[in-house]
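A quick write-up on the structure given underneath.
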Amino acid sequence: MRFGTEIVLVSLAAFAALAAAGLAQDSAFQAHMWVLFFVLLGSAIVLMRNTSFAPADAASIPLRRDTDGYMDGPVRYGVIATTVWGIVGFLVGVVVALQLAYPDLNIEPWFNFGRTRPLHTSAVVFAFGGNALIATSFYVVQRTCRARLFGGNLAWFVFWGYQLFIVMAATGYLLGITQSREYAEPEWYVDLFLTVVWVAYLIVFLGTIFRRKEPHIYVANWFYLSFIVTIAMLHVVNNLAVPVSPFGSRSYSLFAGVQDALTQWWYGHNAVGFFLTAGFLGMMYYFIPKQANRPVYSYRLSIIHFWALIFLYIWAGPHHLHYTALPDWAQTLGMVFSIMLWMPSWGGMINGLMTLSGAWDKLRTDPIIRMMVLAVAFYGMSTFEGPLMSIKAVNSLSHYTDWTIGHVHSGALGWVGMITFGALYYLVPKLWNRERLYSLRLVTWHFWLATLGIVVYAAVMWVSGIQQGLMWREYDDQGFLVYSFAETVAAMHPYYVVRALGGVLFLLGGLVMAYNLAMTILGHERKEAPIGGAVAQPAPSLQSAG
């Protein structure tokens, strides 16, 4: 029976969710279990509608799964999920931006800013970014190891299990189920399930490397593996908690006070460092050379980049806690290691950009390369700005202001977003055996919409953040604050409106991409003139070449 084991397991999980809803100790947990029950019930029905009861004999040979070629099914689904979750995350981001500009848009209780803001961050970081990392890592590790994914259907469990985690996390936020930890809001039972999925992810990835036919482990796999292992460690330690009840939505952290804050930002900063940096550097080291058809500029530099980055990044978390109860030596430690991060970060940026040596002309004719180069440029700018903001004197002005928001989004939209878009444009024609994308000119539209959106967003947040910091610290001759907090909030209104406009532009770019990829998957090709400079020039003769 096809999918027999999966049907049994999903059905048992649905029954367990139904039982948990009946035994729930609070209404939020009960509502969450009902959500889980209906999701699992629907999944079981889909599996049963696609099952087969044919006997395992010669007649069923066509139903056998391909065990010789690469396993690209989870990669294809991952590409689609990345695109869909990206649109959702960008849309919720626009809603959140408008809620700050126009507070009347806060709809109680499920759609107020306090619940939609973590929905936005998780949708962009974990749903959009996480699916991009899982899909591309599965694609890259197979090609660079010349081996099929390890574990059979375990890769499918990783994909669908991760989608279930996203659904549970997102609905939990709207229901008010949160442990109020930045980038780690899901409660204990969702965290436990994610741990199981993540361990399965590690087994698939590491098992594929162990069974490789290529003796060398390409550097992109080093970055992917460091991201998987480190995120597992960060997730487990930061989410150590004691549930109030096995059938309740509340738990208490094992840490308290300044230890809790330090653990949280050890996790929070390294979620940025390993989830949003190391993982996407693996993407950079594979897809830029492939799209440019050039070797990595310096493989030796890529190895130095790897070891320096993973050693230094893990120490930088305390710079989020300047001027707090954290001991001064710990604050200084975080600042010093953050400043040292300039070296490996810019080494990686130089390596990415210099990979185009001898192929810079492709910037005129290939909008995908243009997108990837802009991503690496934003990586360099963000990794310069981050250490700068960790310096105590600068941090005293920037912290808790919109400057930090501008910094995060220049990295998240400029670096993570653009390198992901480039990877998706590269992958879709290959995964669906198409000659080319539906339209390269739509990629150019996407490039400019996304670039303008990022620049507008980041610029207004830099200005508003510095204005906030200066207004908060302005004193009169008698030592009193010149501006009340309400006045500083009112002064931000025009900036928040323009920020929402930047988000709309970025969202429009995402919609253009989704349309382009969908048409490519469906097999359509748009008739269009080549992009400027794309017309092939006749090769020079031997005499003219000298």
Side-chain angles (χ1 to χ4, degrees), residues 2-3 5-7 9-10 13-14 36 39-51 65-67 69-89 122-143 145 147-171 186 190-209 221 224-225 227-228 231-232 235 275 279-280 282-283 420 423-424 427-428 430-432 514 517 521:
R2 193 182 181 200
F3 303 133
T5 303
E6 291 86 348
I7 291 170
L9 291 175
V10 172
L36 179 59
V39 169
L40 292 173
L41 180 63
S43 302
I45 292 172
V46 170
L47 284 171
M48 285 188 283
R49 287 178 62 86
N50 287 275
T51 193
R65 294 180 178 85
D66 174 27
T67 57
Y70 295 136
M71 186 178 182
D72 283 338
V75 182
R76 293 189 191 95
Y77 275 67
V79 164
I80 295 170
T82 301
T83 306
V84 171
W85 287 121
I87 298 300
V88 172
S122 289
V124 172
V125 174
F126 297 116
F128 171 67
N131 272 294
L133 289 170
I134 291 172
T136 57
S137 65
F138 282 169
Y139 182 88
V140 170
V141 75
Q142 293 185 91
R143 268 70 183 178
C145 293
R148 187 177 173 84
L149 286 178
F150 175 80
N153 282 335
L154 196 59
W156 281 111
F157 169 75
V158 172
F159 172 77
W160 288 113
Y162 196 72
Q163 307 315 305
L164 179 57
F165 156 71
I166 293 167
V167 170
M168 291 301 291
T171 54
V190 180
D191 287 333
L192 285 174
F193 176 70
L194 177 59
T195 304
V196 174
V197 173
W198 208 256
V199 169
Y201 181 23
L202 175 62
I203 292 171
V204 172
F205 193 85
L206 203 55
T208 307
I209 291 177
N221 293 323
Y224 279 126
L225 188 58
F227 134 72
I228 298 168
I231 290 299
H235 171 75
F275 202 99
F280 288 91
M283 205 180 292
T420 301
L424 294 178
L427 282 173
V428 167
K430 296 188 178 303
L431 289 171
W432 277 272
L517 296 184
I521 291 170

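We're numbering straight along the sequence, starting at 1. Quantities reported herein were computed from a predicted structural model and do not represent experimental measurements.
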Under a 4.5 Å cut-off applied to non-hydrogen side-chain atoms, are V190 and L194 in contact?
-> no
Would you sort out whether N153 and W160 count as a side-chain contact (heavy atoms from CB on, under 4.5 Å), showing the intermediate values?
-> CA-CA 11 Å; N153 282 335; W160 288 113; over 6 Å; no
Taking the side chain as every heavy atom from C-beta outward, state whether W85 and F126 have any pair of such atoms under 4.5 Å apart.
-> no
Is any side-chain heavy atom of I45 less than 4.5 Å from a side-chain heavy atom of L41?
-> yes
Only counting residues at least two apart or in another chain, list the ones meeting ring pair (Phe, Tyr, Trp, His ring centres under 6.0 Å) with F205.
-> none
Minimum-distance pair of heavy atoms, taken over all atoms of D191 and H235 = O-NE2, 3.1 Å
Determine whether N131 and I166 make a side-chain contact, defined as any pair of heavy atoms from C-beta on separated by less than 4.5 Å.
-> yes
Minimum side-chain heavy-atom gap F275-L133 below 4.5 Å | yes
Are any of the side-chain heavy atoms of L36 and L164 separated by less than 4.5 Å?
-> yes
Can you tell which of W156, F138, F150 makes a ring pair (Phe, Tyr, Trp, His ring centres under 6.0 Å) with Y201?
-> F138
Could you give the distance from CG (L517) to CG (L427), rounded to the nearest 0.5 Å?
-> 10.0 Å
Specify the closest pair of heavy atoms between F193 and G161, including all atoms of both residues, with the distance to one decimal.
-> CE2-O, 3.1 Å
Heavy atoms only: give me the nearest M71-Q142 pair and the separation to one decimal.
-> N-OE1, 2.7 Å
So among I87, I80, T82, which one has a side-chain contact (heavy atoms from CB on, under 4.5 Å) with V84?
-> I80
What is the distance from atom CD1 of I228 to atom CD1 of I134, rounded to the nearest 0.5 Å?
-> 8.5 Å
Mind checking whether F227 and W198 have ring centres under 6.0 Å apart?
-> yes
How far apart are the closest heavy atoms of S43 and V10, and which atoms are they?
-> CB-CG1, 4.1 Å
Which heavy atom of A132 sits nearest a heavy atom of F280, and at what distance?
-> CB-CE2, 4.4 Å
Separation between OH of Y77 and CD of Q163, rounded to the nearest 0.5 Å = 11.5 Å
Between CD1 of I203 and CG of L154, what distance do you get to the nearest 0.5 Å?
-> 6.0 Å
Check whether any side-chain heavy atom of V39 lies under 4.5 Å from a side-chain heavy atom of M168, and answer yes or no.
-> no
Step-by-step side-chain contact (heavy atoms from CB on, under 4.5 Å) determination, T136 to Y224 = CA-CA 9 Å; T136 57; Y224 279 126; 2.9 Å; yes
Side chain to side chain, Y139 and L431, heavy atoms closer than 4.5 Å | yes
Going from CG on L202 to CD1 on I231, what distance comes out if it is rounded to the nearest 0.5 angstrom?
-> 12.5 Å
What pair of heavy atoms forms the shortest contact from F159 to P74, and how long is it?
-> CD1-O, 4.3 Å
